[in-house]
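Convention: sequence-line order gives letters A, B, ...; per-chain numbering from 1.
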Amino acid sequence: MQVRVPHEWPDTPEEAVAIQLRLRSLVEQATPAGFEPRTVAGLDVAYEEGTNRVAAAVVVLDADSLEQVDSAVAVGHTDFPYVSGLFAFRELPSLLAALERLTVTPDLLVCDGQGVAHPRRFGLACHLGVLTGLPSMGVAKNSMGEFEPPAAERGAWTPLLDGEEVLGRALRSQSGVKPVFVSVGHRIDLDRACAEALRLCPRYRLPETTRRADRLCRDALA
DNA sequence: GCGACAG
DNA sequence: ATCTTGTCGC
């Protein structure tokens, strides 16, 4: 698929923050009318110990059968350090390169990280959504906001909060396991994002999309 | 100074 | 993220 590559790239954390503050106004938290994804993409990045070599993978699954219809990998390097809140600048280049190698354009991007559940309301899922123009959402393994543990049954959820502001949901994707943290990325609402997350977790805690992307980028480094 | 801190 | 063995449970 065609991707609009970032025109400018930050050299410092300060510049990265400035970019987030400028792009965050482009985030749309409403689901397009008639939105019914036929394909869903999962994205993930693996890191090589001791180096700055990374591998990004994107897998595209049929939304109903969860069968894989496409995939792509991109091996590259990361120069940006890991800073909580600026995580996207570490993975964005390689993820965009992988997306460009896709032969189809997915209807929804499911990211391994936060969407608007972010200090400046612009996590990786928002960034990828805005740059591609595609609906996107974040399913993170850890939260950045406060939350009360949801009931133990699959499907139970509690709001992810920053004071009174709702940033996302702590969603129980499987009964009796630690919840995942779902938040809006771009062009989707929180209810739909959670519904999609649940559909993608028929058996495991993490979405089938991120599980397969994780395995793919890991193999690419080995 | 001390603890937190997506991946 | 990554380094890592065994172990408890279905």
Side-chain angles (χ1 to χ4, degrees), chain A residues 10 13 16-17 19-20 23-24 27 42-58 73-98 109-131 136-147 152-154 159-163 165-171 173-186 190 193-194 197 202-207 209-222:
Chain A
V17 169
I19 290 176
Q20 292 182 325
L23 293 181
R24 67 176 178 182
V27 170
L43 309 86
D44 193 23
V45 176
Y47 297 75
E48 184 174 65
E49 69 292 358
T51 23
N52 60 349
R53 199 165 80 100
V54 301
V58 186
V73 176
V75 177
H77 298 278
T78 304
D79 296 314
F80 215 84
Y82 172 69
V83 179
S84 180
L86 298 179
F87 172 59
F89 295 95
R90 229 170 130 58
E91 306 201 330
L92 226 35
S94 50
L95 284 174
L96 292 174
L109 303 181
V110 178
C111 307
D112 185 33
Q114 316 286 358
V116 298
H118 175 277
R120 288 168 292 282
R121 312 299 181 254
F122 198 72
L124 174 64
C126 300
H127 212 139
L128 275 171
V130 166
L131 291 183
S136 68
M137 54 181 271
V139 178
K141 295 183 281 296
N142 291 293
S143 81
M144 291 197 93
E146 314 164 329
F147 69 98
E153 302 73 44
R154 170 183 146 87
L160 236 186
L161 305 168
D162 178 9
E165 185 177 1
V166 176
L167 305 182
R169 288 177 191 169
L171 174 68
S173 55
Q174 286 298 317
S175 296
V177 304
K178 176 181 175 177
V180 293
F181 304 89
V182 180
S183 60
V184 170
H186 186 52
L190 188 51
C194 287
R203 178 144 165 73
Y204 300 103
R205 177 191 176 228
L206 297 181
T209 37
T210 64
R211 285 172 51 80
R212 296 190 202 182
D214 176 85
R215 181 167 181 177
L216 188 54
C217 61
R218 225 180 271 221
D219 290 346
L221 277 187

Selection from dA6(B), dT2(C), dG7(B) that lies nearest to any side-chain heavy atom of E49(A): dT2(C)
Below 4.0 Å: OP1/OP2 of dC5(B) and any side-chain N or O of N142(A): no
Which whole-number value in Å describes the distance from D219(A) CG to dT2(C) P? 12 Å
Check the phosphate of dA6(B) against Y82(A), side-chain N and O only, distance under 4.0 Å to OP1 or OP2. Yes or no? yes
Please state how far atom CG in L206(A) lies from atom P in dA1(C), giving the value in whole angstrom units. 9 Å
Please work out if G85(A) contacts a base, only the sugar-phosphate, or nothing of the nucleic acid, heavy-atom cut-off 4.0 Å. base
Expressed as a whole number of angstroms, how long is the span from H118(A):NE2 to dG7(B):P? 12 Å
For the pair made of CZ in F89(A) and C1' in dA6(B), what is the distance, rounded to whole Å? 14 Å
Between D112(A) and K141(A) (salt bridge meaning N to carboxylate O under 4.0 Å), is one present in this structure? yes
Counting any heavy atom closer than 4.0 Å, what does A46(A) reach on the DNA or RNA strands: base, sugar-phosphate only, or nothing? sugar-phosphate
Compare all side-chain heavy atoms of C126(A) with those of V116(A) and state whether any distance is below 4.5 angstrom. yes
Grab the CZ-C1' distance between R90(A) and dC5(B) for me, whole Å please. 14 Å
In whole Å, I'd like the distance from the CZ atom of F147(A) to the P atom of dA4(B). 15 Å
Approximate separation, where rounding is to 0.5 Å, of F80(A) CZ and L92(A) CG: 11.0 Å
For F87(A) and dA1(C), what is the distance between atoms CZ and P respectively, to the nearest whole Å? 8 Å
Selected nucleotide, minimal atom distance to Y47(A) side chain, candidates dG7(B), dA1(C), dC5(B): dA1(C)
By the 4.0 Å heavy-atom rule, please label L95(A) as base, sugar-phosphate, or nothing. nothing
From CD (Q20(A)) to CZ (R121(A)), nearest 0.5 Å: 12.0 Å
How many Å lie between CZ on R53(A) and P on dA1(C), as a whole number? 18 Å
Aromatic contact, F87(A) with H118(A) (centres under 6.0 Å): no
Shortest side-chain distance from D112(A), nucleotide among dA1(C), dA6(B), dC3(C): dA1(C)
